[in-house]
Amino acid sequence: MLVTTLARLLLPSWAFFDRVGARAVLELRPHGAPDAAWRSALHAAPRRWWHVVWHPDGTAVLAAQDVVERAAAEASDERPATPATRDQLTRLAAACAPSAGAWAWRVRVHAPDGATSDVLHGTVDRC
Amino acid sequence: MLTVTVDGALRAMAILAGIAVVVNAAELLVRRRHPLVRAVTEGPALDDERGVLAPLLRPGAFAALLVLQLVAGLALPVGGSIGHAGAVVATLCTVLTAVRWRGRVNGGADAMLTLVLLALAVAPLGGARLRTGAVLFVAAQATLSYVRAGLAKAREGGWWRGTALAAFVALPAYGAPIRFATGGATARWLGVATIVAECLTPLAWTGPRAALLVVTGAIAFHVGVAVVFGLNRFVLAWGAALPALLVAGARGV
């Protein structure tokens, strides 16, 4: 992982732009409630003019979104999610859950042609 | 006509990269206890993966690293050996941040910033040829990033039809203040304009006027993206790289 990260940073192929069009979304719904609607977990704060330069809350949300997209990319390469990836997503779901209790999460990929696929899923107990 | 020398471009890159480095460190410092940040950067599984770097990337040590990055960012514009040390330290800190996040922090802006910082760290080590090479390396990477993005969009029918841009804008994580009708004229023409502009970036290498036009368009593009998608770090990182394109244009192909 360390070598891969360094290689990607020092020798970027800008290949991440190749995935333009496919969107990965982390979604939540109460666990054990199959009729409940899935809701997007990550939401950006309202935009202000200074956010063009200074945007700490936006950076936090977008960094989390990067984690979701990376996990989806790993899953689309048909690699099993690493323990660290699953741990990140589970913790992220817990951080985003609107209230205490058990929540189900999934990573849904929306392809450019409108097709959707669930590439990862799990549950989390938010204390 | 704006004449940009290699040393002038390096000076501008150092100032702009310094701003980027300071903002990046400050953002992560003020939000180091943000639930989302903690969720994706802390935990035993991540510790296992980080190996020998784990102690350096735990919250307390990482906060100290961010303060060091802040100081390095302030040192960059000073120039001389202080600026050089700032570039080296800032490069290391940016790389360690990426390791902590297991990759990109913010859509790839850190990759471009790392390259600019590397160029600033390497340039003072040699003579004029090395400095020129460092600047042109950044110019080439900036050009490549735009062209690759443009070609990727060109291959994707949704960008020509206006559906891809509308879908991106609708992603909740971006919190875009506007919406485009799926397949509407605005989304369609913006998508086409983006593809064309990105693919034509190599024209910057043909002369100073073309370079200035490309750089001006790039600045407007990144500011627009920051306004719509909140990607402020792209303004800062690519902004630091753009003086290199002016040098490429001044030399002409």
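To find a chain, count down the sequence lines: A is the first, B the second, and so on, and within it residues start at 1.
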message: If I take atom CG from residue B/L171 and atom CG from residue A/L62, how far apart are they, to the nearest 0.5 angstrom?
response: 9.0 Å
message: Let's test your reading of the structure: which of A/A95, A/S40, A/A93, A/A84 forms the most heavy-atom pairs below 4.5 Å with chain B?
response: A/A84
Residue among A/D57, A/D87, A/V68 with most heavy-atom pairs under 4.5 Å to chain B: A/D57
Non-hydrogen atoms of B/W101 and A/Q88 that approach each other most closely: O-NE2, 4.2 Å
message: Taking side chain as everything from C-beta outward and backbone as N, CA, C, O, which of these in A/V25 sits under 4.5 Å from a heavy atom of chain B? Side chain, backbone, both or neither.
response: side chain
Residue among B/T41, B/V227, B/V235 with most heavy-atom pairs under 4.5 Å to chain A: B/V227
field: Most chain A-contacting option - heavy-atom pairs closer than 4.5 Å, from B/G51, B/A173, B/A26, B/A226
entry: B/A173
task: Check each atom of B/V23 against the heavy atoms of chain A and say whether the ones under 4.5 Å are side chain, backbone, both or neither.
output: both
message: At a 4.5 Å cut-off on heavy atoms, which part of B/V22 comes close to chain A: side chain, backbone, both, or neither?
response: neither
Pick from B/R38, B/E42, B/H222 with the largest number of heavy-atom pairs that fall under 4.5 Å of chain A: B/E42
task: Would you please test A/T59 and B/N24 for side chain to side chain contact (heavy atoms under 4.5 Å, CB included) and show each step?
output: CA-CA 9 Å; A/T59 292; B/N24 289 0; over 6 Å; no
query: If you measure from CZ on B/F229 to CZ on A/R47, what distance do you get to the nearest 0.5 Å?
result: 9.0 Å
message: Does any backbone or side-chain atom of A/H43 lie under 4.5 Å from a heavy atom of chain B? Answer side chain, backbone, both or neither.
response: both
Within-4.5 Å side-chain heavy-atom neighbours: A/D66 and B/V40: no
- prompt: Do A/T82 and B/E49 come close enough that some side-chain heavy atom pair is under 4.5 Å?
  reply: yes
query: Among B/P35, B/G150, B/G43, who wins on heavy-atom pairs under 4.5 Å with chain A?
result: B/G43
task: Answer with side chain, backbone, both or neither: which region of B/L36 has an atom nearer than 4.5 Å to a non-hydrogen atom of chain A?
output: both
- prompt: Is it true that atom CZ of A/R39 has more than 12 heavy atoms of other residues, nucleotides or ligands lying nearer than 6.0 Å?
  reply: no
task: Among A/L92, A/L26, A/T90, single out the residue with the greatest number of heavy-atom pairs under 4.5 Å to chain B.
output: A/L92
message: A quick test of your reading: do over 12 heavy atoms of other residues, nucleotides or ligands sit less than 6.0 Å from NE2 of A/H121?
response: no
message: Would you say that A/W54 contacts B/N232 through its side chain, given a criterion of any heavy-atom pair below 4.5 Å between the two side chains?
response: no
